[in-house]
Amino acid sequence: MPSLRDQFPRALLGKHQLVTTVTFTAFFSLVFLLVSIPFSHNAWFNLGRSEAFWFTVVFYAIALAIVSFSKVVLYMLRGAENFTILHYVLWNIAEIVLIALIYSFFTIEGDNFGIIRLENMRFWRVFASALVYASISLGIPYVLAAQYFLIEDKDNTIRLMSYESVVSDAPIPPSEEKRITLFDNSGALKFVISPDNLFFIESDDNYIQVWYSDSLGEMKKYMLRCRLKTVEESFADSDLVRCHRKYIINIRKVRLLSSQREGYFIELESDSTPRIPVSKTYEQAVLARFNSRV
């Protein structure tokens, strides 16, 4: 059972996921509000020819703009290491409260100007009702979208397996038994690399780039759809070590671990590879692995 303090799944913060969430939420909330209008004493929405029509259009456009802008900011924050499930929940609650306040303002001010007239008007009564409706119209599609994309991510995540589990009509040489193998989402073997040739793995949104040397010693990279977290978990007991939110390095290939003013940096054996930073989150784990090899 995940904790609210766990890091929020980055699979839900991709561009496709956020755009789809906003689109689904816009459709769901519109249908829900139209269906619920007859059951509310504080609702003035109307899509027909009435004096409230333009108020409805303006309010809906503002609410959609708020949700869209919020998701754009979330996309920009997708790489933050300390963005937890609790932060995401509070973020969505803030959206709901803000939209409920705007609805209440529209309702109270509209009545004062004679545009919208509702009987027995009280701000907190209107706000409480708006909060309930906003929670349903936004909360339900958010939860449904999150569940869908988590299932999709689980199905599409490339499986990292041991080579001996691959079905083959030829015996596997002992020298190849410990190779790192990558499978696509259909189970087909796509990439096999010896730990002696793997340098580091870099995260690129929902993809990873595997940096390795070929048979001629030239540095190459191979891109495939996978989360860095999957690699970290699959090879927890190997020489692959997570040192940054964007990097996993092969500890065999480390030439130098240096301490700078900005923190620790790793230099690999190949001059064509960049200097890789060690973030504060993984600093102690990296140092422990180096000390254990001394």
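Side chains included, hydrogens not; waters and symmetry mates left out as well; all remaining heavy atoms used.
- Between Ala145 and Thr21, the shortest heavy-atom distance links the atoms CB-OG1, 3.7 Å.
- Contact check for Phe32 versus Ile140: no side-chain heavy atoms found under the 4.5 Å cut-off.
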(request) Report the C-alpha distance between Leu18 and Tyr75 in whole Å, list the side-chain angles of each, state the deciding distance to 0.1 Å, and finish with yes or no for side chain to side chain contact (heavy atoms under 4.5 Å, CB included). (result) CA-CA 8 Å; Leu18 292 175; Tyr75 178 74; 3.5 Å; yes

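- Placement of Val19 and Val143 in two distinct hydrophobic clusters is found when ILVMFWY residues are connected by side-chain heavy-atom separations under 4.5 Å, directly or transitively.
- Under the salt bridge (Lys or Arg N to Asp or Glu O under 4.0 Å) criterion, Glu262 pairs with no residue at all, not counting sequence neighbours.
- Every residue was checked against the ring-ring contact (aromatic ring centres under 6.0 Å, His included) condition with Phe28, not counting sequence neighbours, and none meets it.
- When every heavy atom of Val210 is checked against every heavy atom of Tyr212, the shortest pair comes out as O-CD2, 3.5 Å.
- Partners of Asp271 according to the salt bridge (Lys or Arg N to Asp or Glu O under 4.0 Å) rule, which considers only residues two or more places apart in sequence or in another chain, are Arg255.
- Checked by atom type and distance alone, the side chain of Ser68 never pairs as donor or acceptor with a backbone atom of Ala65 at under 3.5 Å.
- With hydrogens and angles disregarded, no donor-acceptor distance shorter than 3.5 Å links the side chain of Thr20 to the backbone of Gln17.
- Listed for the Asn250 side chain is a donor-acceptor partner under 3.5 Å among the backbone atoms of Leu198.
- In this structure, the side chains of Ser29 and Tyr60 come closer than 4.5 Å at one or more pairs of heavy atoms.
- Hydrophobic clustering of Ile, Leu, Val, Met, Phe, Trp and Tyr side chains at less than 4.5 Å, counting indirect connections, keeps Ile276 apart from Phe265.
- Sorted by first and then second residue, the side chain to side chain donor-acceptor pair (under 3.5 Å) pairs with a member in residues 135-144 read Lys71-Tyr142, Glu95-Tyr142; sequence neighbours excluded.
- With sequence neighbours excluded, the residues that form a salt bridge (Lys or Arg N to Asp or Glu O under 4.0 Å) with Glu283 are Lys280.
- Taking the centre of each ring, Phe59 and Tyr103 come in below the 6.0 Å mark.
- Residues Val254 and Leu257 share a closest heavy-atom pair of CG1-N, 4.5 Å.
- For the pair Gln209 and Ile201, the minimum side-chain heavy-atom distance is 4.5 Å or more.
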(request) Determine, step by step, whether Leu64 and Val22 satisfy the side chain to side chain contact (heavy atoms under 4.5 Å, CB included) criterion, reporting the C-alpha distance in whole Å, the side-chain angles of both residues, the deciding distance to 0.1 Å, and the verdict. (result) CA-CA 8 Å; Leu64 184 59; Val22 171; 4.1 Å; yes

(request) Give the C-alpha distance, both sets of side-chain angles, the deciding distance and a yes or no for ring pair (Phe, Tyr, Trp, His ring centres under 6.0 Å) between Trp124 and Phe127. (result) CA-CA 5 Å; Trp124 292 112; Phe127 175 71; 5.8 Å; yes

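- Ring pair Phe200/Trp211 is parallel by interplanar angle, where below 30° counts as parallel and above 60° as perpendicular.
- Expressed to the nearest 0.5 Å, how far CD of Glu232 lies from CZ of Arg242 amounts to 5.0 Å.
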(request) List the steps and the verdict of side chain to side chain contact (heavy atoms under 4.5 Å, CB included) for Cys243 and Ile248. (result) CA-CA 6 Å; Cys243 66; Ile248 286 179; over 6 Å; no

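- No donor-acceptor pair under 3.5 Å is formed between the side chain of Arg275 and the backbone N or O of Pro277.
- Taking 4.5 Å as the limit, some side-chain heavy atom of Ser194 sits within range of a side-chain heavy atom of Asn197.
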(request) Evaluate the criterion side chain to side chain contact (heavy atoms under 4.5 Å, CB included) for residue pair Ser213 and Phe199; output intermediate values, then yes/no. (result) CA-CA 8 Å; Ser213 60; Phe199 280 77; 3.7 Å; yes

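- Side-chain contact between Leu240 and Ile249: absent, with no pair of heavy atoms (C-beta onward) separated by less than 4.5 Å.
- Residue pairs meeting the salt bridge (Lys or Arg N to Asp or Glu O under 4.0 Å) criterion with at least one partner in residues 210-224, sequence neighbours excluded, are Glu218-Lys220.
- To the nearest 0.5 Å, atoms CD1 (Ile266) and CG (Leu256) are separated by 9.5 Å.
- No side-chain heavy atom of Ile62 sits less than 4.5 Å from a side-chain heavy atom of Ile99.
- Here Leu287 contributes atom CG and Tyr282 contributes atom OH; the two are 15.0 Å apart, rounded to the nearest 0.5 Å.
- Between Ile251 and Arg289 the shortest heavy-atom distance is CD1-CB, 3.8 Å.
- Distance check: Tyr222 OH to Ile193 CD1 gives 11.5 Å after rounding to the nearest 0.5 Å.
- Arg245 is not listed as a side-chain neighbour of Thr281, based on a closest heavy-atom distance of 4.5 Å or more.
- A distance of 9.5 Å separates OH in Tyr247 from OG in Ser203, rounded to the nearest 0.5 Å.
- One finds the CG atom of Asn92 at 8.5 Å from the CG atom of Leu138 (value rounded to the nearest 0.5 Å).
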